[in-house]
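Structure, as structure tokens:
Just so you know, ligand 1 is whichever comes first in the structure, and atom 1 is the first atom listed for that ligand. By convention here, the first residue in the shown sequence is residue 1.
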Amino acid sequence: MQLLDARPGELILDLGCGDGALTERVASYRCTVIGVDSSLPQLEAAKGRGLNVVLMDGRQLGFQRRFDAVFTNAALHWMKMPETVVAGVTNSLKTGGRFIGEFGGKGNVEQIRSTLHDILRMHGIDPMPIDPWYYPSPEEYSELLSKFGFIVSYMELIPRPTKLPGDILGWLEVFAQPFTQAVAEPERPSFLQEVRDQLATRLRDDNGNWVADYVRLRFKATK
Ligand code: BEZ
């Protein structure tokens, strides 16, 4: 929120707004916020908060030079084809507009990701075409933004080990669906159990809490 520095009267795009929790906070700065997301259930939740939201794929942003800022949180790592996304962001912004965000950066959930890959391979499945995540390094993402004409004023990789509210199985059910769905349905419970067993020695602390190895990339750039 501090990096975004939203001012009253501004027009702001929330890219990957999800259920609108942060969109609502941006709107509280007395600016107009439009949220886009590719998930209908998430948009329904955002509409329930009275927000102005549109069903849109981040790779097909259809705005022309309208926004003072594009804001994004925990969404860009789900969007492969990052060049197409950044091209859409730059088209959406006015000259001088800001692009501010945070998402998974290089090394994010590396223990979880590599374990999912290993166990899928043991099941005879190539994980590469299934893996939905994009986790660039600061250098890689700065270079991409610069290529599309942005001036990058801030870019930081932030390790953030995060205690999960429950078991890793709950996390996997929410976030690892593309991996699990690649496994035949009858084998899914044992697949998840194998992943859990492998991760238990690395991600569970002495009190039995699961701590995910999150790493975030936070940035600010100007068009
Ligand atoms: C998230 O969308 O919050 C997320 C996705 C994958 C790994 C970690 C977090």
Side-chain angles (χ1 to χ4, degrees), residues 1 3-4 13-26 35-46 49 53 55-59 70-82 85-86 89 99-120 127-138 140-141 155-183 188 191-192 195-196 198-200 202-205 209-219:
M1 286 295 155
L3 266 189
L4 174 61
L13 176 67
D14 185 354
L15 171 55
C17 64
D19 68 3
L22 279 179
T23 323
E24 201 167 42
R25 277 185 61 194
V26 176
V36 295
D37 206 285
S38 61
S39 158
L40 259 183
Q42 295 276 355
L43 284 183
E44 287 306 321
R49 298 175 191 266
V53 290
L55 182 69
M56 202 179 277
D57 188 314
R59 295 162 301 185
V70 174
F71 168 82
T72 182
N73 182 60
L76 292 180
H77 51 255
W78 290 106
M79 299 180 205
K80 291 275 183 85
M81 301 169 62
V85 175
V86 173
V89 170
F99 182 28
I100 283 113
E102 187 178 301
F103 65 111
K106 191 173 172 62
N108 192 40
V109 293
E110 188 52 43
Q111 298 280 355
I112 300 174
R113 190 186 205 184
S114 61
T115 302
L116 286 163
H117 281 212
D118 290 348
I119 309 251
L120 274 181
M128 296 316 283
I130 293 157
D131 191 317
W133 294 325
Y134 166 63
Y135 297 138
S137 68
E140 203 179 330
Y141 205 61
M155 178 76 63
E156 187 180 3
L157 196 63
I158 307 171
R160 191 182 297 150
T162 301
K163 188 174 145 195
L164 302 181
D167 196 276
I168 191 81
L169 283 175
W171 190 95
L172 292 168
E173 266 166 35
V174 175
F175 294 110
Q177 277 181 28
F179 299 95
T180 312
Q181 277 165 5
V183 176
R188 286 178 195 165
F191 167 76
L192 287 169
V195 174
R196 182 184 189 274
Q198 287 248 345
L199 287 172
R202 294 178 233 163
L203 297 184
R204 215 165 38 171
D205 67 18
N209 297 309
W210 287 89
V211 180
D213 49 340
Y214 281 19
V215 178
R216 294 315 217 197
L217 186 62
R218 189 182 280 183
F219 65 93

With side-chain contact (heavy atoms from CB on, under 4.5 Å) as the test, would you mind laying out the steps for Leu15 and Leu76 before giving the verdict?
-> CA-CA 8 Å; Leu15 171 55; Leu76 292 180; 4.0 Å; yes

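Remark: Arg160 engages Glu102 in a salt bridge (charged side-chain N to carboxylate O under 4.0 Å, His left out) (not counting sequence neighbours).
Looking at Arg25, its side chain never comes within 3.5 Å of a backbone N or O of Gly20 through a donor-acceptor pair.
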Are there any protein N or O atoms under 3.5 Å from the N or O atoms of ligand 1? List them with distances, or say none.
unit_1, atom_1, unit_2, atom_2, d
ligand 1, 2 (O), His77, NE2, 2.9
ligand 1, 2 (O), Trp78, NE1, 2.9

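Relative ring orientation between Phe175 and Trp78 is described as parallel, the plane-to-plane angle staying below 30° on a 0-90° scale split at 30° and 60°. Ring geometry for Phe103 versus Phe219: interplanar angle over 60°, hence perpendicular rather than tilted (30 to 60°).
Between Asp131 and His117, the side chains place a donor N or O and an acceptor N or O closer than 3.5 Å (distance only, hydrogens not considered).
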